[in-house]
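Taking it in order: structure first as structure tokens, then the write-up.
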Amino acid sequence: MAAGSGSLMWFRKGLRIHDNPALEYASKGSSFMYPVFVIDPHYMEPDPSAFSPGSTRAGINRIRFLLESLVDLDLNLKKLGSRLLVLKGEPSQVLTHCLKEWNVKKLCFEYDTEPYYQALDRSVKDYASSAGIEVFSPVSHTLFNPADIIEKNGGSPPRSYQSFLKLAGEPSWVSSPLSIRVSSLPPVGDVGSCEVSQVPTMEELGYVDNDQDELTPFRGGESEALKRMTESLSNKDWVANFEKPKGDPSAYLKPATTVLSPYLKFGCLSSRYFYQCLKGVYKNVKRHTLPPVSLGGQLLWRDFFYTVAFGTPNFAQMKGNGICKQIPWNDDEQLLAAWRDAKTGYPWIDAIMVQLRKWGWMHHLARHCVACFLTRGDLFVHWEKGRDVFERLLIDSDWAINNGNWLWLSCSSFFYQYNRIYSPISFGKKYDPKGNYIRHFLPILKDMPDEYIYEPWTAPLSIQTKAKCIIGRDYPKPG
DNA sequence: CAGGCGTTGCTGGA
DNA sequence: TCCAGCAACGCCTG
């Protein structure tokens, strides 16, 4: 096939050109480079039996976000003289076939700490080394290498944020420039018999009858990520004074946070580049907030959860998880379904669940409210059940962070002050006394007077009639 | 092994 | 807006 040396750049996360060491290495000294993304049926196969449109593991919002990110990646590759090759199938089989067919000498992909990729990458690496192919798999998804932190701590991950900070220190790369701009890439070689396609549409993937009436307002892709980051960082005052717990969870027209999490999840934005840019802002202001509440602190939380998740066997479950408190949760499918389908009868809780379903994103504190409500706060349903719903519906769904936060909120690990419960009535009222957030996501309650919007079951029947919302008929009464 | 402390609770009072 | 009181867990440090 290709004379000289060819390389294969395998994209999974890390859907970006900037600060992408695997891409840089793949392009260096190669006469051909094959940039590949594999549509993995494990994640992408439509599942009509799921509780909302999408696949078994991802709702349509996240699948759409991924496809948008791939389209943008393809465009950015094309500007550099390359393009994205999309293939379908079980990734290790597809990869093995491509490696054989294209006769490449180098296989490059970003290191991934999730169990699914740990197993997958093992099999791909095994094949590559048996075939004499060089494998380059750098850590570039997080600020630190989780394995380094664990080693520094004597083999086990730190279990508190403060001890994590001490172990981590400043990232080694922080003062040296990251590779942000790429001027050109090697051309794509002959694809031979491999079935290469363009980035598919939702319809081509088999998502035909999307009955969802409102889709996420957040568009995927590296270009959008960089634009969004630049906009957020341009408000230096806001950046310098950012305190996560002071954000307003009911703000939806202009969210109280950056909403960069979905871009970090897919690697459309490099967390390291974000960190460096943030440092640049901090340098130019008199004073700024600090971890854990600062904006930079949020990136460190991300690394904290990646580190604990990587170093904890059975992290994503209660049983066999050494850091998880063993709690006799109930297994009530009806309570779970009411929570999942926004039918608890508490407008604040239900509105958040509707935002999750429609947007695939809610404010961090809103997530806390519904997670607390499902588990230790009210329903006492197993955190793994809530985790599954979030994992599927969130566009920023991240294995380590999602599981970590469910462990946190259910008081199973990291946090144990179980008497601190978010009130499903008064917590939201503090921020949004008129209930604008509820009215937007639960329009059935849009004419309910302010004084009853958080507790509509207390409204006299005459008021309910006037508001065209009878509790128990048009909107549920709390169980 | 005891004491300090922990990103983001709630209510009620000043 | 800030505080005390509530009741009280378990990790980390010395």
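Throughout, a chain's letter reflects where its sequence line sits, starting with A, and its residues are numbered from 1.
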Ion pair present between A:E455 and A:K429, side-chain N to carboxylate O less than 4.0 angstrom?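 So A:E455 pairs with A:K429 through a salt bridge.
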Look at A:K358 together with A:E214 and state whether they make a salt bridge at an N to O cut-off of under 4.0 Å.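 Yes.
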Under a 3.5 Å distance rule, please check whether [X] uses its side chain to pair with a backbone N or O of [Y] as donor and acceptor.
X	Y	answer
A:S413	A:I323	yes
A:Y161	A:G297	yes
A:W329	A:R376	no

For every nucleotide of nucleotides 8-14 of chain C, 5' to 3': is a protein heavy atom under 4.0 Å from its base (B), only from its sugar-phosphate (S), or from neither (-)? -BSSSS-
P gap between C:dT13 and B:dT7, integer Å: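 Nearest-Å result for C:dT13 against B:dT7 at atom P: 13 Å.
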C:dA7 to B:dC5 separation - C1' atoms, rounded to the nearest Å: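 Rounded to whole Å, the distance is 16 Å.
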Between [atom2] of [N] and [atom1] of [X], the distance in whole Å:
X	N	atom1	atom2	answer
A:L409	B:dG9	CG	P	11 Å
A:E243	B:dT8	CD	C1'	10 Å
A:W408	B:dG9	CH2	C1'	14 Å
A:Q162	B:dT7	CD	C1'	9 Å
A:K244	B:dT8	NZ	P	12 Å
A:Y431	C:dT1	OH	P	12 Å
A:R420	B:dC5	CZ	C1'	11 Å
A:K246	B:dT8	NZ	P	13 Å

Partner nucleotide of B:dT8 by Watson-Crick or wobble geometry (both distances under 3.5 Å):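 Across any shown strand, B:dT8 pairs with none.
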For C:dA8, the Watson-Crick or wobble counterpart (both distances under 3.5 Å):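 Paired with no nucleotide.
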For a quick check under 3.5 Å, do A:D396 and A:S261 share a side-chain donor-acceptor pair by atom type?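 Side-chain D/A pair, A:D396 to A:S261: present.
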Give each protein N/O atom lying under 3.5 Å from an N/O atom of nucleotides 10-14 of chain B, with the pair distance.
unit_1	atom_1	unit_2	atom_2	d
B:dC10	OP1	A:S423	N	2.9
B:dC10	OP2	A:K430	NZ	3.1
B:dT11	OP2	A:S426	OG	3.4

So does A:Q334 have more than 12 non-hydrogen atoms from other groups sitting under 6.0 Å from CD?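 At most 12 heavy atoms, drawn from other residues, nucleotides or ligands, come within 6.0 Å of this atom.
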Knowing that exactly one of A:F109, A:Y25, A:W10 qualifies, which makes a ring-ring contact (aromatic ring centres under 6.0 Å, His included) with A:F136?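 Checked A:F109, A:Y25, A:W10 against A:F136; only one passes ring-ring contact (aromatic ring centres under 6.0 Å, His included): A:Y25.
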Report yes or no: is the cationic atom of A:R392 (NZ for Lys, CZ for Arg) closer than 6.0 Å to the six-membered ring centre of A:F51, at no more than 45° off its axis?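 Geometry flag: set, cation within 6.0 Å and 45°.
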